[in-house]
Amino acid sequence: MLGVSLLSKNVYTNRMLLNLLDKCKSMLELKQLHAMVLSFGLSKDDLFISRILSFSALSNSGDIDYSYKVFSQLSCPRIFFWNTIIRGYSNSKNPNRSISIFIRMLRLGVVPDYLTYPFLVKASARLLKQETGESVHVHIVKTGHGSDIFIQNSLIHMYASCGNIMFARKVFDGMQGRNLVSWNSMLDGFAKCGEMVLAQKLFELMPERDVVSWSSLIDGYVKAGEYREAMVVFDKMLAVGPKANEVTMVSVLCACAHLGALEQGRVMHKYIVDNELRLTLVLQTSLVDMYAKCGAIEEALLVFRSVLKSQTDVLIWNAMIGGLATHGLVKESLKLFEEMQIIGIIPDEITYLCLLTACAHGGLVKEAWYFFDSLSKRGMTPKIEHYACMVDVLARAGQLTTAYQFICEMPIEPTASMLGALLSGCINHRKLDLAEIVGRKLIELEPEHDGRYIGLSNVYAVVKRWDDARSMREAMERRGVKKSPGFSLVEISGFLHRFIAHDKTHPNSEETYSMLNFIVNQMKHGLHQENQESTLYDIIIEDA
DNA sequence: TCAACGTGCG
């Protein structure tokens, strides 16, 4: 690049400059080339301006605000330049800038073309603002671009992202010709809105399916909490569909994580390696999360440590810190937090939630207060989850009055699960006067929830107020609250087994129950006298 | 002088 700087301005230097601009890799390089363009008096030459604008607006290592500065100096930018800037902002952190530039464009009397609209629709989709999307839609129809397939496809996506599946469907149904992307956008729309029956139906109706179709369906099941169904679809994809890509694997690993299916998770890891899928940071984070949630902390650490320090971000640190925390590896978790700060990763709200979880598991009340306070000191607002975690810390540590006071002074309404944490703290620490107050509040808050009656009934059982305990159960039945059976999942040799209380349908049911009886007997003999009644009560009536 | 620029899955 420096070799040309002394040459006089001629055809050869122009061509070389263009070549260099095409090969540009970083903003630093671009700025140097831009300086040369200016010094050669080429600042009005579209060929050069378009390359400078495009790189800074669209490249991964670009800088959209720099692009905008260059753009603002143009006296009468051609439509291509407007589109480049709008496109750049639609992919940026501020998609609303696309909209404001669009409005300015209209005020100046510049007419958008068929290429302007997909970026504007995308910006509205990313903003999750249906009103904005709708007014863009009005412009599209007014300017006669309503039947452009690219624009229609992005409209489907926009309406679905904003949660309006009806409008998305209206666009889809009104299309004269549909391509694969149209079907995929509609499919993903149903999946995004949790309409899995419709998604499945559409999937079966599709004239063709690619990796995006399969991934959308799988991710829909994952988002709907139907992890087993997600795995079934994935298996089918391996059998009859296209090869999975890294996007597919992120969803599938998420399903394994929720199922606690370690063996299947390992198979997925092997699939990624065998098929040479790109190990993106997102995918590595999913692997860490899967291993951690399945209890394979060593394997989680192995993946985590394989990530280069230069290519890391806060998400993967959160996954690892949180994984250690939930496994009770509290010291390791906090140590990792120190390490993270040393290499300059800025913690976010989730990091603090993980740290508070660690404190809850380790009984670290002082540290929890410290983390809770630093959250606000770093300019973040504690969310309901942070308050809930703090209540959990205090309740587990037996600081029940403080916990109750904390709840009363919070700027947000307490959730039932928060009071639930306080209630079990009260029961465990025999703070039974408070337990009764909290237990009653919980029933008021969630009269349809079976666990809330059981919770208060457990309180009465501890103080041997058997009549009150029974009356709670009767109140539950009187109000027609159904007890929803809790279940456990256990993975053995790659197979998942589901157990429901009193379930005798499992082939190994007999062995399971004899082992359970053995354990219960052992516990009966091993328990301290003072805790005996309530713990037994909890074993028999599942814990709320 | 002209064209360059567009849609869907984490």
Next item on the list: Would you mind classifying the nucleic acid contact of A:Thr116 as base, sugar-phosphate or nothing, using non-hydrogen atoms under 4.0 angstrom?
Entry: nothing
Note to self: Using a 4.0 Å heavy-atom cut-off, does A:Tyr117 contact any base of the nucleic acid, only the sugar-phosphate backbone, or nothing at all?
What the structure shows: nothing
Check: Going by the angle between their ring planes, with limits at 30° and 60°, are A:Tyr271 and A:Phe234 parallel, tilted or perpendicular?
Finding: perpendicular
Notebook entry, point to check: Tell me: NE2 of A:His145 to C1' of B:dC5, nearest whole Å?
Noted result: 14 Å
Check: Is a donor-acceptor pair below 3.5 Å formed from side chain A:Ser215 to base B:dC9, judging by atom type as modelled?
Finding: yes
Check: Does the side chain of A:Lys192 get closer than 4.0 angstrom to OP1 or OP2 of B:dC9 through an N or O atom?
Finding: yes
Check: Any idea which of B:dG6, B:dT7, B:dC9 is nearest the A:Phe119 side chain?
Finding: B:dG6
Next item on the list: Could you check which of B:dA4, B:dC5, B:dG10 has an atom nearest any side-chain atom of A:Arg78?
Entry: B:dA4
Note to self: Rounded to whole Å, please give me the gap between CH2 in A:Trp214 and C1' in B:dG10.
What the structure shows: 19 Å
Notebook entry, point to check: Nearest of B:dC5, B:dG10, B:dT7 to any side-chain atom of A:Val250?
Noted result: B:dG10
Check: Taking the side chain of A:His157 as its heavy atoms from C-beta onward, which of B:dA4, B:dC9, B:dG6 lies nearest to it?
Finding: B:dC9
Checklist line | Among B:dT7, B:dG10, B:dC5, the one nearest A:Asp113 by side-chain distance | finding: B:dC5
Checklist line | Side chains of A:Met105 and A:Ile86 in contact at under 4.5 Å (non-hydrogen atoms) | finding: yes
Next item on the list: Answer yes if the ring centres of A:Trp183 and A:Phe203 are under 6.0 angstrom apart, and no otherwise.
Entry: no
Check: If you draw a 6.0 Å radius around CD in A:Glu276, do more than 12 non-hydrogen atoms from other residues or ligands fall strictly inside?
Finding: no
Note to self: Taking the minimum atom-to-atom distance to the side chain of A:Ser216, which one of B:dG10, B:dC9, B:dT7 wins?
What the structure shows: B:dC9
Item checked: Which nucleotide in B:dG10, B:dG6, B:dT7 has an atom nearest any side-chain atom of A:Val282 -> B:dG10
Next item on the list: Decide yes or no for A:Phe172 and A:Leu187: does some side-chain heavy atom of the first lie under 4.5 Å from some side-chain heavy atom of the second?
Entry: no
Check: Parallel under 30°, tilted from 30 to 60°, perpendicular over 60°: which one fits the rings of A:His139 and A:Phe102?
Finding: perpendicular
Margin query: By nearest atom, which of the nucleotides B:dT7, B:dC9, B:dC5 is closest to the A:Asn83 side chain?
Written below: B:dC5
Margin query: Quick test of the criterion, 5.5 Å between centres and less than 30° between planes. Is A:Phe80 stacked on B:dA4 or not?
Written below: yes
Note to self: Whole angstroms only, please: what is the CG-P distance between A:Leu279 and B:dG10?
What the structure shows: 19 Å
Notebook entry, point to check: Could you give the CG-to-C1' distance, from A:Asn91 to B:dT7, as a whole number of Å?
Noted result: 12 Å
Check: For the side chain of A:Asp148 and the base of B:dG6, is some donor closer than 3.5 Å to an acceptor across the two?
Finding: yes
Next item on the list: Classify the nucleic acid contact of A:Thr84 as base, sugar-phosphate or nothing, counting any heavy atom under 4.0 Å across all strands shown.
Entry: nothing
Checklist line | Spacing between A:Ile79 atom CD1 and B:dA4 atom P, to the nearest angstrom | finding: 14 Å
Item checked: A:Ser154, nearest nucleotide to its side chain (from B:dC5, B:dT7, B:dC9) -> B:dT7
Item checked: Atom pair distance, as rounded to whole Å: CD in A:Gln284 and C1' in B:dG10 -> 14 Å
Check: Could you give the CD1-to-P distance, from A:Ile149 to B:dG6, as a whole number of Å?
Finding: 16 Å
Notebook entry, point to check: Contact class for A:Ile151 (heavy atom, under 4.0 Å): base, sugar-phosphate, or nothing?
Noted result: base
Next item on the list: Name the closest nucleotide to the A:Val212 side chain, picking from B:dC5, B:dC9, B:dT7.
Entry: B:dC9
Next item on the list: May I have the distance from A:Leu47 (atom CG) to B:dT1 (atom P), rounded to whole angstrom?
Entry: 13 Å
